[in-house]
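One structure is given below, encoded as structure tokens.
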Amino acid sequence: MEDCLFCKFAKEHNAKVYDDDLFYIIKDINPQAPLHYLAIPKHHFKYLTEMTSIDTENLGKIFAKISEMSINVLHLDGGYRLVINQGDNAGQTMPHLHIHILGGKEMGWSPA
Ligand code: AMP
Ligand code: ZN
């Protein structure tokens, strides 16, 4: 999609942590934990409610791949948190669905 940063990154980003046909992973520019990645599907959509059946299938594959890479590639020993912000109340700022992957420390639980 034109003017979407995450669609542009799919084509060109000089520091991808991981990249395949379905999605890529980059480090968040404003990390909220010692390790903060974004897993970004290559197909543009903003909300989970917009997903096609292929998007749904791919999201399952993306979760499986994240878990497979969690230790060896992402160094998330000790556990991690996945977050998908949806809409204004959740503070979604990027109009292209992405999964936050947070870790590297013991985290609290206070989204308020
Ligand atoms: P959200 O608020 O859930 O939509 O998350 C958007 C995330 O994208 C935020 O955590 C931002 O720090 C991150 N972000 C914005 N621009 C960039 C960028 N150029 N490179 C990496 N992460 C970015
Ligand atoms: Zn996009």
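Note that ligands are numbered from 1 as they come in the structure, with each ligand's atoms numbered from 1 the same way.
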All heavy atoms of Gln86 vs all of Tyr47, minimum pair found to be OE1-CA, 3.3 Å
Record the part of Tyr37 in heavy-atom contact with ligand 1 below 4.0 Å; permitted values are side chain, backbone, both and neither. neither
Taking 4.0 angstrom as the limit and counting only heavy atoms of Phe6, give me the atoms of ligand 1 inside it, by number and element. 8 (O)
Taking all heavy atoms of Phe45 and all of Met51, pick out the closest pair and write down the distance. CE1-CG, 3.4 Å
Walk me through it: do Leu97 and Lys46 pass the test side chain to side chain contact (heavy atoms under 4.5 Å, CB included)? CA-CA 5 Å; Leu97 188 123; Lys46 180 174 181 181; over 6 Å; no
Got Ile101 and His36 here, is their nearest side-chain heavy-atom distance under 4.5 Å? no
Tell me whether Leu5 reaches ligand 1 (any heavy atom closer than 4.0 angstrom to a ligand atom). yes
Using a strict cut-off of 4.0 Å, indicate which atoms of ligand 1 neighbour a heavy atom of Asn30. 12 (O)
Looking at every non-hydrogen atom in both residues, tell me the closest pair between His98 and Pro41 and how far apart they are. CA-CD, 4.5 Å
Which of the numbered atoms in ligand 1 are below 4.0 angstrom from a heavy atom of His100? 1 (P), 3 (O), 5 (O), 7 (C), 10 (O)
Test item: Leu102 and Leu35 side chains (from C-beta on) under 4.5 Å apart, heavy atoms: no
Report, in ascending order of atom number, the atoms of ligand 1 lying under 4.0 Å from any heavy atom of Gly91. 2 (O)
Which residue owns the protein heavy atom closest to atom 11 (C) of ligand 1, what's the atom, and how far is it? Asp28 OD1, 3.5 Å
A correct count of protein N/O/S atoms found below 2.8 Å of the Zn ion (ligand 2) gives 4
Has ligand 1 got any nitrogen or oxygen that is less than 3.5 angstrom from a nitrogen or oxygen of Ile29? yes
Can you list the atoms of ligand 1 that are under 4.0 Å from a heavy atom of Ile26? 21 (C)
Taking both backbone and side-chain atoms of Leu38, is any N or O found less than 3.5 Å from an N or O belonging to ligand 1? no
Is there a side-chain contact between Val83 and Ile99 (heavy atoms, below 4.5 Å)? no
Numbered atoms and elements of ligand 1 in range of Lys27, under 4.0 angstrom, heavy atoms: 21 (C)
N/O separation below 3.5 Å, His36 to ligand 1: no
Is the positively charged end of Lys16 above the ring of Tyr24, judged by distance under 6.0 angstrom from the centroid and angle within 45° of the axis? yes
Are Phe23 and Tyr18 an aromatic pair by the rule of ring centers under 6.0 Å? yes
Output yes when the distance from some N or O of ligand 1 to some N or O of Phe9 is under 3.5 Å, and no in every other case. no
When you measure from atom 4 (O) of ligand 1 to every protein heavy atom, which one gives the shortest distance, and what is it? Thr93 N, 2.8 Å
Under a 4.0 Å threshold between the charged nitrogen and the carboxylate oxygen, would Asp55 count as salt-bridged to Lys42? no
Structural part of His98 in contact with ligand 1, heavy atom criterion under 4.0 angstrom: side chain
Checking the side chain of Glu106 only, and the main-chain atoms of Gly108 only, is there a donor and an acceptor separated by less than 3.5 Å? no
Under 4.5 Å between any side-chain heavy atoms of Val73 and Val17, yes or no? yes
Heavy atoms, side chains only, cut-off 4.5 Å: are Met69 and Lys65 in contact? yes
